[in-house]
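Since the structure comes first, as structure tokens, the remarks are kept for the end.
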Amino acid sequence: MSNTLKLSVITSFAGLWLTSYLSNKYQIILGFFLILSFGVLHGANDLVLIDQLKSNKKLDFVKIIGIYVSIVGISVLLFTNIPIVALLLFILVSSYHFGEQHWNEIIKTNKSFITPIFQFNYGLLILVILFYFNSKEVIEIIFEITKYTLSTEFIETALLITLSLFVVLSIRLYQISTEFKNNLIEQLFYLVVLAIVFKASSLIWGFTIYFIFWHSIPSLNDQLIFLYGSSTWADFKKYFKTAFIYWFISLVGVFGLYYIAKDMVVFDALFFAFLASITFPHFIVILNMYQKK
């Protein structure tokens, strides 16, 4: 078990313990604080990553920045005009992004066309488990974003399908990948841990525990290694120094949203829309980073 995964497990149980002491209100407050700190920070250095990729791949930096900003703009327009399409894209993109980050360092060899399919399904399974145990909150937020009422039966069916695909794909990867075979029991344990956390927590708190401790911090570690060759405290300080201005601009945007929509339910919906807007270009940057490694 790597140090980052050890941290993920420990903090998950710490988060589970905190649910006994924190009301839903304070879970939301702490959740937003962590998302706005480590969560947003882990995607705030995309332009530095692009510059590194540019030096390696001779990319046109100005062109890439233009594409990056355009993707953010298009996602905002989608959420404004066709929110159900934007939300669906956000879930699909996030699913692959989460699955890729989690399994990239586990399955290094014997990769086949099944690997990206499995990574996508794994990330989707994580989200669907979260949605299943917090279906009431999910249905409310989806309605606020899209004005479409999702049924609990739909979420249950999605869970059954993604879980079935997980089993089928796992069996195949077990046959062709020694790395997957050696890590399967450990990864199944992690799924059980996350399911317990999601069941005991509110939607925001459960999402926070996964997004921060299972995705953002491990992703920060991967980015530090890619940029600086190691992940020491000194490397993190360099990362924070270059990311600070973009992180600060993001925070200003979030507080602007809160000022516009102080109602918590509406703000929850807008907050997820904001996360989606910055996730789309971040997904493309990290995809290129992993291909380069």
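Excluded from the calculations below are hydrogen atoms, water molecules and symmetry mates; all remaining heavy atoms, backbone and side chain alike, are included. Just so you know, residue 1 is the first one in the sequence shown, and it goes up from there.
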> Run the side chain to side chain contact (heavy atoms under 4.5 Å, CB included) check on I209 and I212 step by step: do they pass?
Replying inline: CA-CA 6 Å; I209 290 173; I212 299 302; over 6 Å; no
Straight-line distance of [X] [atom1] to [Y] [atom2], nearest 0.5 Å:
X    : Y    : atom1 : atom2 : result
I141 : T146 : CD1   : OG1   : 11.5 Å
E153 : T157 : CD    : OG1   : 7.5 Å
I196 : I129 : CD1   : CD1   : 11.5 Å
S151 : I139 : OG    : CD1   : 7.0 Å
I35  : H42  : CD1   : NE2   : 11.0 Å
I114 : S170 : CD1   : OG    : 10.5 Å

Group every Ile, Leu, Val, Met, Phe, Trp and Tyr by side-chain heavy-atom contacts under 4.5 Å, then state whether [X] and [Y] land in the same group.
X    : Y    : answer
L89  : I84  : yes
I106 : V192 : yes
F113 : I171 : no
F244 : L220 : yes

Quick one, [X] and [Y] - any side-chain contact, counting heavy atoms below 4.5 Å?
X    : Y    : value
L125 : L191 : yes
T149 : I142 : no
I225 : S230 : no
L165 : L124 : no
W214 : Y190 : yes
K136 : E140 : yes
Y122 : I117 : no
S94  : F90  : yes

> V138 pairs by side-chain contact (heavy atoms from CB on, under 4.5 Å) with which of L203, T152, L130?
Replying inline: L203
>> Using the side-chain contact (heavy atoms from CB on, under 4.5 Å) definition, which of the options T178, N182, L184 pairs with F180?
In response: L184
> How are the rings of F207 and F98 set relative to one another: parallel (under 30°), tilted (30 to 60°) or perpendicular (over 60°)?
Replying inline: tilted
> Would Q119 and H102 count as a side chain to side chain donor-acceptor pair (under 3.5 Å) if you check the C-alpha gap in whole Å, the side-chain angles of each, and the deciding distance to 0.1 Å?
Replying inline: CA-CA 8 Å; Q119 291 173 336; H102 186 89; over 6 Å; no
> Is F240 atom CZ crowded by more than 12 heavy atoms from other residues, nucleotides or ligands, each under 6.0 Å away?
Replying inline: yes
I'd like to know if the side chain of [X] reaches the main chain of [Y], judged simply by a donor and an acceptor atom lying under 3.5 Å from each other, with no hydrogens or angles considered.
X    : Y    : value
S201 : F198 : no
N183 : E179 : yes
D235 : T232 : yes
W247 : L36  : yes
S164 : L160 : yes
S177 : Y174 : no

Shortest non-hydrogen contact between [X] and [Y], atoms and distance:
X    : Y    : value
G39  : F211 : CA-CE2, 3.6 Å
S219 : Q101 : N-NE2, 3.6 Å
Y96  : P116 : CE1-O, 3.4 Å
I204 : T208 : O-OG1, 2.7 Å
I91  : L127 : O-CD1, 4.0 Å

>> Go through it in stages, so that I can follow the logic: the residues are F131 and E137, the test is side chain to side chain contact (heavy atoms under 4.5 Å, CB included), and I'd like the CA-CA distance, side-chain angles, deciding distance and then a yes or no.
In response: CA-CA 8 Å; F131 296 164; E137 293 175 84; over 6 Å; no
> Does F118 have its ring centroid less than 6.0 Å away from the ring centroid of F166?
Replying inline: yes
>> If you take the centroid of each ring, where Trp contributes its six-membered ring, are F38 and H215 closer together than 6.0 Å?
In response: no
> Among side-chain atoms of Y132 and E156, is any donor-acceptor pair under 3.5 angstrom?
Replying inline: no
>> Using a 6.0 Å distance limit plus a 45 degree cone around the ring axis, check whether K147 lies over the aromatic ring of F143.
In response: yes
>> Could you walk me through whether F236 and L41 satisfy the side chain to side chain contact (heavy atoms under 4.5 Å, CB included) test, starting with their C-alpha distance in whole Å, then the side-chain angles of each, then the deciding distance to 0.1 Å, before giving a yes or no?
In response: CA-CA 11 Å; F236 176 75; L41 180 65; 4.0 Å; yes
> Taking it one step at a time, do F120 and L92 satisfy side chain to side chain contact (heavy atoms under 4.5 Å, CB included)?
Replying inline: CA-CA 8 Å; F120 166 76; L92 295 178; 3.6 Å; yes
